[in-house]
Amino acid sequence: AMRRAGCRGVEFGTDAGSPRMLASLGKPFSLDDVRRASDACREAGLPDAHYLIFGGPGETPETLSETFAFFDRIRPRAVLALPGVRIYPGTPLHRIAVEEGAVAREADLLAPAFYVSPSVGAENLLERVERHAKARSNWVVPGLGIRSDPAILSALRRKGHRGPLWDML
């Protein structure tokens with residue numbers, strides 16, 4: 001029905017491919033739900049994209065590996081990976097970041113501040129996400145410039161591309 005109505009792609013705010021990280025991020029669905037949703041898109045002839053946020057509370061090298069392996073198995077059309085979780089004042093993540101010393105309680109968070117679990121570390125996180133994404137043509141990582149060249153995106157928009165830009169990358 002969505003395809004017949006003109007839908008050209010489906011985007012999911014999946015955020016993780018690890019049961020521990022889904023729970024940590026407060027997601028009310030399972031990996032099996034994600035797999036079924038991705039399969040349903042494929043059966044309907046709709047490309048699917050999953051947005052992932054890496055580095056949240058409880059992220060470890062093991063949960064990174066679980067997420068990489070899960071998305072390698074389900075092979076969505078696109079995976080848009082975002083390393084680090086934006087910290088907003090007054091949120092549970094802000095409280096965690098203050099308790100861990102990642103930000104000061106009174107920090108001005110108008111300028112973006114990002115949280116990365118100390119169990120994985122920012123340098124390790126970036127290196128692993130970059131290595132994994134570069135080896136897979138369906139991964140886009142804007143923060144690392146992987147398949148997200150602003151000039152290409154702008155050219156696609158100027159040419160009147162209809163549908164999700166990630167499907168063109």
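Just the heavy atoms: all of them, side chains too, but no hydrogens, waters or symmetry mates, feed the values below. All values derive from a computational prediction rather than experimental measurement.
- Nearest heavy atom pair, residue L82 against residue P142, reads CD2-CD, 4.3 Å.
- Taking both residues in full, the closest heavy atoms of P83 and L125 are given as CB-CD2, 4.1 Å, listed atom of the first, atom of the second, then distance.
- Atoms CD and OG, on E62 and S119 in that order, are 9.0 Å from each other to the nearest 0.5 Å.
- Residues F114 and M21 do not share a hydrophobic cluster, defined by chaining ILVMFWY side chains whose heavy atoms lie under 4.5 Å apart.
- Remark: R136 engages D72, H132, N138, W139 in a side chain to side chain contact (heavy atoms under 4.5 Å, CB included) (not counting sequence neighbours).
- To the nearest 0.5 Å, the span separating OG on S18 from CZ on F54 amounts to 10.0 Å.
- Here the shortest heavy-atom pairing between G84 and V116 reads CA-CG2, 4.0 Å.
- No continuous path of hydrophobic side-chain contacts links L80 to L144 [ILVMFWY only; heavy atoms under 4.5 Å].
- Under the 4.5 Å side-chain heavy-atom criterion for Ile, Leu, Val, Met, Phe, Trp and Tyr, Y51 and V140 are members of the same hydrophobic cluster.
- For the atom pair CD1 of I146 and CD of E130, the computed distance is 5.0 Å after rounding to the nearest 0.5 Å.
- Put simply, the side chain of S65 gets close to the backbone of P61: a donor and an acceptor are under 3.5 Å apart.
- The shortest heavy-atom contact between P19 and L31 is CD-CD1, 3.5 Å.
- In terms of the side chain to side chain contact (heavy atoms under 4.5 Å, CB included) criterion, residue partners of F29 (sequence neighbours excluded) are, by chain and number, T14, L22, K27, D33, V34.
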Could you give me the CA-CA distance, side-chain angles and deciding distance for V10 and L46, then say whether side chain to side chain contact (heavy atoms under 4.5 Å, CB included) is met?
CA-CA 7 Å; V10 179; L46 289 170; 4.0 Å; yes
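- Of the inter-residue distances, the one linking C41 atom SG with F12 atom CZ reads 4.0 Å to the nearest 0.5 angstrom.
- At a threshold of 4.5 Å between side-chain heavy atoms, the hydrophobic network of Ile, Leu, Val, Met, Phe, Trp and Tyr places V103 and I53 in one connected group.
- With contacts defined as side-chain heavy-atom distances shorter than 4.5 Å, the pair D15/L52 does not qualify.
- Considering CZ of R147 and NZ of K134, their distance stands at 9.5 Å, rounded to 0.5 Å.
- A salt bridge does not link R20 to E59: none of the charged side-chain nitrogens sits closer than 4.0 Å to a carboxylate oxygen.
- Take D32 and apply the side chain to side chain contact (heavy atoms under 4.5 Å, CB included) test, not counting sequence neighbours, and it matches S30, R35, R36.
- The number of heavy atoms from other shown groups lying within 6.0 Å of CD (E99) is above 12.
- Annotation for Y115 and A97: closest pair CD1-CB, 4.1 Å, computed over non-hydrogen atoms.
- A donor-acceptor contact shorter than 3.5 Å is absent between the side chain of R77 and the backbone of A49.
- Here the shortest heavy-atom pairing between I96 and P57 reads CD1-CG, 3.9 Å.
- Linking ILVMFWY residues whenever their side-chain heavy atoms come closer than 4.5 Å, directly or via other members, leaves V98 and Y88 in distinct clusters.
- Between F71 and H50, the ring centre distance stays below 6.0 Å.
- A donor-acceptor pair is defined here as one N or O able to donate and one able to accept, closer than 3.5 Å; such a pair exists between the side chain of T67 and the backbone of G17.
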